[in-house]
Asker: 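Here it is, the structure in full.
Reckoned from all heavy atoms, side chains included, excluding hydrogens, waters and symmetry mates.
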Amino acid sequence: MAELMVRDGTWTFDDEVVRIVPGRERGVHKLRQDLGEFTVPLAAMAGIAYEPARKGGRLRLRLRDGADPLLQVTGGGLPDEANPYQVAVDAARVDVAEYFVDAVRQALMLEQIPDGPVDRYLLPGPSVPLSAAGVDGIASFDGERVHLEWRWNTSETKRHWGPRDFALADLEAVEWRAAAGLESGYLRFRTRGMTERFAPENDPHSIELWGFKKESGTTALLAAAVAARLPHPSGPDKTLTAGPPAAAALAPPAPEPSPQAAGAASSAAADDHDALLRRLRELGELRREGILTEEEFTATKAAVLQRFHTTG
């Protein structure tokens, strides 16, 4: 087991999951603390890296695209200090961070985890109920409904609509954007059939966001909690809301693949071969660096070659 303890929190890896516990010291971003303790399964990871700096460095865990609703809905808009998948490492713990990286990388290769995108969430998202404040309104979500209350400084347009309620079944998507320069950010709840778009300050489906203060990080968590309960944007059937496995069994059978789909499958197979060849090269590098023993290298290489032949 590998364990790294730094100011931002504690990361533990047991060959199956990375357990992330946020730090509670002053200066640790509120988003990390509000998100709380969670685990990242190996299947959700695309890679890990330690980036050295003049004093210490930064450890970054990279997830597969679409695996985490928080990263999906924020689209890379979280600043480093709020991102729960990276931590600052002081100079005294550099060796531990590098050992942590080696342990995760070896597990990813031994388990042959692909690094490509996924069509379902592999993390559950933030727990509910949640409430989050923006500049002109407050949003709350209980797992089934979203409620918007306007503040005293909201626009006349929003006040005209009054408080808003959206059932989860009526939502098509949730959108979150951080403010950029002089342009406001927003937390928007897009309903089915919605075509008109207004500026955040006049949109009755949105609350407006300015900057990324410690308090506003909760809006990203609320957006992720809603997204986790909506159909995955890359899923096979985006018209169904997320539900238990039994609900999926009632879905109609999938149609026969079209020629275009068959061509896409052929392209995917070629991508698999390229990924396997890269994995073989990585194994050779790990053996040369002494990270893998000769026995580990031989066994892992045989498994990769077996998969290579079965995908041909």
Asker: Is it true that, when you exclude E51 itself, more than 12 heavy atoms of the residues, nucleotides or ligands shown sit nearer than 6.0 Å to its CD?
Answerer: yes
Asker: Hey, does V226 have a side-chain heavy atom less than 4.5 Å from the side chain of V146?
Answerer: yes
Asker: When rounded to the nearest 0.5 angstrom, what distance separates CG in N83 from CG in L70?
Answerer: 7.5 Å
Asker: Side chain of D80, backbone of Q86: donor and acceptor closer than 3.5 Å?
Answerer: no
Asker: Assess, by modelled atom type and distance only, whether the side chains of D165 and H147 contain a donor and an acceptor separated by less than 3.5 Å.
Answerer: yes
Asker: To the nearest 0.5 Å, tell me how far L63 CG sits from L123 CG.
Answerer: 6.0 Å
Asker: Enumerate donor-acceptor pairs with a distance under 3.5 Å from any side-chain N or O in residues 3-10 to protein atoms, sequence neighbours excluded.
Answerer:
residue	atom	partner	partner atom	Å
R7	NH1	G27	O	3.3
D8	OD2	A88	N	3.2

Asker: Between the side chain of H232 and the main-chain N/O of G66, is any donor-acceptor distance below 3.5 Å?
Answerer: yes
Asker: In Å, rounded to the nearest 0.5 Å, how long is the span from CZ of R93 to CG of L59?
Answerer: 13.0 Å
Asker: Rounded at 0.5 Å granularity, tell me how far CG in L221 sits from CZ in R32.
Answerer: 12.0 Å
Asker: What distance separates L71 CG from D65 CG, expressed to the nearest 0.5 Å?
Answerer: 9.0 Å
Asker: Within this structure, what is the CZ-CG distance for the pair F189 and D170, rounded to the nearest 0.5 Å?
Answerer: 13.5 Å
Asker: Is the shortest side-chain heavy-atom distance between F198 and T157 below 4.5 Å?
Answerer: no
Asker: Check whether any side-chain heavy atom of H205 sits under 4.5 Å from a side-chain heavy atom of T191, and report yes or no.
Answerer: yes
Asker: Salt-bridge test for D115 and R64: reply yes if a basic N is under 4.0 Å from a carboxylate O, no otherwise.
Answerer: no
Asker: For the residue pair D15 and A107, what are the closest heavy atoms and their distance?
Answerer: O-CB, 4.4 Å
Asker: Hey, does L209 have a side-chain heavy atom less than 4.5 Å from the side chain of W176?
Answerer: yes
Asker: Write down the atom of A223, the atom of L187, and the distance for their closest heavy-atom approach.
Answerer: CB-CD1, 3.6 Å
Asker: Please step through side chain to side chain contact (heavy atoms under 4.5 Å, CB included) for the pair V174 and L222, ending with a clear verdict.
Answerer: CA-CA 10 Å; V174 56; L222 190 146; over 6 Å; no
Asker: Output every pair passing ring-ring contact (aromatic ring centres under 6.0 Å, His included) with a member in residues 36-64, not counting sequence neighbours, ordered by first then second residue.
Answerer: F38-Y85
Asker: Indicate yes or no for a side-chain donor-acceptor contact from W150 to the backbone of G162 under 3.5 Å, with no hydrogens or angles considered.
Answerer: yes
Asker: Got E98 and V101 here, is their nearest side-chain heavy-atom distance under 4.5 Å?
Answerer: no
Asker: Between Q72 and Y121, is there a side-chain heavy-atom distance shorter than 4.5 Å?
Answerer: yes
Asker: Shortest non-hydrogen contact from V118 to R120?
Answerer: CG2-O, 3.3 Å
Asker: Side chains of K55 and D90: closer than 4.5 Å at any heavy-atom pair?
Answerer: no
Asker: Between E208 and S184, is there a side-chain donor-acceptor contact under 3.5 Å, judged purely by atom types and distance?
Answerer: yes
Asker: Is there a side-chain contact between N202 and E156, using heavy atoms and a 4.5 Å cut-off?
Answerer: no
Asker: Taking all non-hydrogen atoms of both residues into account, name the closest pair between L230 and L171 and its distance.
Answerer: CD2-O, 3.7 Å
Asker: Test: salt bridge (Lys or Arg N to Asp or Glu O under 4.0 Å). Region: residues 130-153. Which pairs qualify, not counting sequence neighbours?
Answerer: D136-K158
